[in-house]
Amino acid sequence: MPVKTIEWVGGPDGAARLIDQTLLPTELKHLDVTDVETMWEAIRMLRIRGAPAIGIAAAFGLYMAVRDSRAGDYATFKAELDRAAQYLAGSRPTAVNLFWALKRIQDLVAAHAREPVPALKQRILDEAMRMIDEDNAVCRAIGEYGLELLVGQGQAGGLPGQAGSLTCTILTHCNAGGLATAQWGTALAPVYLAAERGIPVHVYADETRPLLQGARITAWELQQAGVPVTLITDNMAATVMAQGRIDAVIVGTDRVAANGDVANKIGTLGVAILAKEFGVPFYVAAPTSSIDMSLASGDLIPIEERKPEEVTEGFGRRTAPPGVPVYNPAFDVTPNRYVTALITEKGALRPPYTDALRTLLTPDTGRIQSE
Ligand code: MRU
């Protein structure tokens, strides 16, 4: 079972306990976060990261911001809440789950405007905790639909000398595993389900420059869970696909536009193009909380740019001449034409995505038929 990324410990005066992912894989250390500024920093510095986990962290951060509020009336309390939401929204721009979670809390409070402030505070904490339970259920459902797509695809043979084995071998980029969510992951949820059910599965993890989420986090969490994993550098993905080792690519996403374009960790676009070239299905695990119907296409998704030092002196050692200009976008956008299926908690969607997403998000549509 994957480790818990974030949980609430103690009662209303308690803390959000989260794994400090900047220390992985050499140190497994938990942080107990009790104030909104520390939560903002934890999100900004990627101590907690991955779209769904960022959303949950922000919800707890919002609670921390107002739990000691002395506001005696709704309007004052709501103004404080909205200010804190705006502050947290500035921590990272790309993962829409952050804004989704903040809005969900703000809407909840607005819907109970007649209640006394202490009751509203309790509602916020309860809602943030509910997001963890929901996230677990969503990820498990994505796992089921993802596994349906993977089962029977195991022909590539994941390791040298295993050609033709029935092991399903997938390639993933960055970390959309347990540590990017409350516990189960999106892209890696089908992998954990396969492992649980004794279905042979093997993961190739792209290292994921510049911050090495694939090496530090994906490889670590799969190893912890006893799932076979092989680490490659990003520039080896073409070779392993050309060698026929990969049955499917599965990645996560930080935001899906209304037309099915997907933003994900920088380097995902290259993997998608390679997958098309080599005839490998390219699946994107996408909880509905990552879908942003307000953006018509992926070119409208705000892309985070991070500081040059992540490229020039990643992990403390200088690897580039001082002063060299650096461009460091943290995400890229993969056009919908490269996406074989979007795996949501309500089913797997196939193109054309504009229609499929609209239908999916219409209330009471129920399960979408996955092929
Ligand atoms: O910068 P990060 O580490 O937060 O980027 C994370 C990713 O790109 C993940 O693939 C994405 O958030 C999906 S998480 C289920």
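Numbers here simply count residues along the sequence, with the first being 1. None of the values given here were measured: they were computed from a predicted structure. In each ligand, atom 1 is the first atom listed, and ligand 1 is the first ligand listed.
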Contacting atoms of ligand 1, where contact means under 4.0 angstrom from a heavy atom of Asp254: 7 (C), 8 (O), 9 (C), 11 (C), 12 (O)
Only one of Ile217, Asp20, Leu211 passes side-chain contact (heavy atoms from CB on, under 4.5 Å) with Leu46, and that residue is Leu211
Determine, using heavy atoms of His173 and all atoms of ligand 1, whether some pair is separated by less than 4.0 Å. no
Near Asn175, which atoms of ligand 1 are under 4.0 Å from a heavy atom of that residue? 9 (C), 10 (O)
Of the listed options (Arg255, Glu304, Lys265), which comes nearest to atom 5 (O) of ligand 1 when hydrogens are ignored and any heavy atom counts? Lys265
Atom 4 (O) of ligand 1: the protein heavy-atom neighbour that sits closest, reported with distance to 0.1 Å: Arg92 NH1, 2.8 Å
Look at atom 15 (C) of ligand 1 and say which protein heavy atom is nearest, naming residue and atom and giving the distance to 0.1 Å. Thr186 OG1, 3.0 Å
Protein contact of atom 10 (O) of ligand 1 - nearest heavy atom, named by residue and atom, plus distance: Asn264 OD1, 2.6 Å
Tell me, please: is Ala330 in heavy-atom contact with ligand 1, that is, under 4.0 Å? no
Using a strict cut-off of 4.0 Å, indicate which atoms of ligand 1 neighbour a heavy atom of Gln213. 1 (O), 2 (P), 3 (O)
Looking at Glu221 and Leu179, would you say the former's side chain and the latter's main chain have a donor-acceptor pair under 3.5 Å? yes
If we set the cut-off at 4.0 Å for heavy atoms, which region of Ala51 has an atom near ligand 1: side chain, backbone, both, or neither? both
Which residue holds the protein heavy atom closest to atom 3 (O) of ligand 1, what is that atom called, and what is the gap in Å? Arg49 NE, 2.5 Å
For Pro52 and ligand 1, answer yes if some heavy atom of the residue is under 4.0 Å from a ligand atom, otherwise no. yes
